[in-house]
Enquirer: 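I'd like to ask you about the structure that follows.
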Amino acid sequence: MAARPARPAGGGRQRRTALPREQLLATAMAMIAEHGLERLTMAALGREVGMSSGHLVYYFPSKDELLLQTLQWSEEQLGAERRAALARRVPVRERLDLLVDLYLPQGHRDPHWALWLEVWNRSQSADDAVRARQLELELAWHRDLVALLVEGAAGGEFRAVDAERLATRTRALLDGFGTHLVVGLPGVRRADVLGHVRDHFDAALAPDGG
């Protein structure tokens with residue numbers, strides 16, 4: 001589900017005294033996509049961009065902060081894709097399917113989902129401010145899902161439902177399947193997961209008498 005950002009233009013190893021924050025985050029995400037999350041360290045990022053540890057600490061005082069900011073950056077890119085998909089002039093159900101397709105990982109070791117799992121795992125002892133930043137990432141998806149459910153019911157495409165409640169259950173379903181996909185649980189295929197989610201929506205949203 002994550003965007004696959006390219007390497008920064010001009011070569012990553014050239015010595016620099018400073019880089020724009022956006023470029024550092026794009027490089028961090030590219031390193032995760034290419035080498036896996038375990039290879040992203042402060043030292044490795046510094047070597048990649050030719051930046052001293054002191055300069056990196058100015059942007060990211062800890063590894064946890066680097067990971068969270070990288071996840072936020074990746075979500076911003078994905079959010080732009082989601083907004084474009086949800087603005088299409090197609091039936092609500094088609095847009096709902098598009099949202100699900102963007103939400104779920106592309107497969108085993110999807111870099112965005114691997115990062116998401118790592119950030120949440122590290123947050124067990126995080127302070128309230130960090131948890132609030134993480135929650136906002138979740139709520140962006142939740143709000144769009146609720147809006148689609150409300151729109152579909154208002155137009156008669158879906159039956160009337162408690163949109164908040166159904167959105168919460170749906171995200172739990174997607175998170176469970178998404179985790180199975182990204183860790184490579186044997187026998188779990190993305191096509192099958194999409195089928196299960198379609199069945200979930202069919203059962204929950206079919207118009208009365210439809």
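The structure displayed is predicted, hence computed values, not measured ones. What you see below is based on every heavy atom in this structure, not just the backbone, and it leaves out hydrogens, waters and symmetry mates. Sequence positions, counted from 1, serve as the residue numbers for this chain.
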Enquirer: Go through the side-chain N and O atoms of His112 and Gln106 and say whether any donor and acceptor fall under 3.5 Å apart.
Expert: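 The answer is no; no qualifying pair exists.
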
Enquirer: Go through the structure and list residues passing side-chain hydrogen bond (donor to acceptor under 3.5 Å, both in side chains) with Glu22, not counting sequence neighbours.
Expert: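 Residues passing side-chain hydrogen bond (donor to acceptor under 3.5 Å, both in side chains) with Glu22: Trp73.
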
Enquirer: Is it true that a side-chain atom of Arg190 and a backbone atom of Leu181 form a donor plus acceptor pair closer than 3.5 Å?
Expert: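 Checked: no pair found.
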
Enquirer: Might you work through the side chain to side chain contact (heavy atoms under 4.5 Å, CB included) test for Leu166 and Leu205, ending with a clear yes or no?
Expert: CA-CA 10 Å; Leu166 181 58; Leu205 298 174; 3.6 Å; yes

Enquirer: Could you tell me which residues satisfy side-chain contact (heavy atoms from CB on, under 4.5 Å) with Leu137, sequence neighbours excluded, listed by chain and number?
Expert: Leu71, Gln72, Glu75

Enquirer: Between Trp141 and Leu99, does a side chain to side chain contact (heavy atoms under 4.5 Å, CB included) hold up when you go through it step by step?
Expert: CA-CA 9 Å; Trp141 290 93; Leu99 183 145; 4.1 Å; yes

Enquirer: With Arg133, which residues qualify under salt bridge (charged side-chain N to carboxylate O under 4.0 Å, His left out), at least two apart?
Expert: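 Checked Arg133 against salt bridge (charged side-chain N to carboxylate O under 4.0 Å, His left out); matches are Glu65.
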
Enquirer: Can you name the residues that form a side-chain contact (heavy atoms from CB on, under 4.5 Å) with Asp127, not counting sequence neighbours?
Expert: Ala129, Val130

Enquirer: Could I get the full list of ring pair (Phe, Tyr, Trp, His ring centres under 6.0 Å) partners for Phe177, not counting sequence neighbours?
Expert: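 Per chain and number, Phe177 pairs via ring pair (Phe, Tyr, Trp, His ring centres under 6.0 Å) with His196.
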
Enquirer: Tell me whether the count of non-hydrogen atoms from other residues, nucleotides or ligands lying under 6.0 Å of CZ in Arg21 goes above 12.
Expert: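 Yes, because the 6.0 Å sphere around CZ of Arg21 holds more than 12 heavy atoms from other groups.
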
Enquirer: Does any pair with a residue in residues 168-177 pass salt bridge (charged side-chain N to carboxylate O under 4.0 Å, His left out), and if so which ones, sequence neighbours excluded?
Expert: Glu138-Arg171

Enquirer: Under the ring pair (Phe, Tyr, Trp, His ring centres under 6.0 Å) rule, what pairs show up with a residue in residues 144-169, not counting sequence neighbours?
Expert: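 Non-adjacent pairs meeting ring pair (Phe, Tyr, Trp, His ring centres under 6.0 Å): zero.
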
Enquirer: Quick one: does any side-chain atom of Arg93 pair with a main-chain N or O of Phe201 as donor and acceptor, under 3.5 Å?
Expert: no

Enquirer: Would you find a donor on one side and an acceptor on the other, under 3.5 Å apart, between the side chain of Gln69 and the backbone of Leu66?
Expert: no

Enquirer: Pairs in or reaching into residues 140-160: which pass salt bridge (charged side-chain N to carboxylate O under 4.0 Å, His left out), with residues at least two apart or in two chains?
Expert: Arg82-Asp144, Arg95-Glu151, Glu136-Arg143, Arg159-Asp208

Enquirer: For Arg88, check side-chain contact (heavy atoms from CB on, under 4.5 Å) against everything at least two apart and list the hits.
Expert: Val90, Leu98

Enquirer: Quick check: closest heavy atoms across Leu102 and Ala85, and the distance to 0.1 Å?
Expert: CD1-CB, 4.3 Å

Enquirer: Partners of Thr70 by side-chain hydrogen bond (donor to acceptor under 3.5 Å, both in side chains), sequence neighbours excluded?
Expert: none

Enquirer: Please lay out, stage by stage, how Lys63 and Glu38 fare under the test salt bridge (Lys or Arg N to Asp or Glu O under 4.0 Å).
Expert: CA-CA 12 Å; Lys63 173 71 175 293; Glu38 63 275 6; over 6 Å; no

Enquirer: For Arg189, enumerate each residue passing the side-chain contact (heavy atoms from CB on, under 4.5 Å) test, keeping only those at least two apart in sequence or located in another chain.
Expert: Asp192

Enquirer: Just grab all the ring pair (Phe, Tyr, Trp, His ring centres under 6.0 Å) pairs involving residues 78-99, residues at least two apart or on different chains.
Expert: none

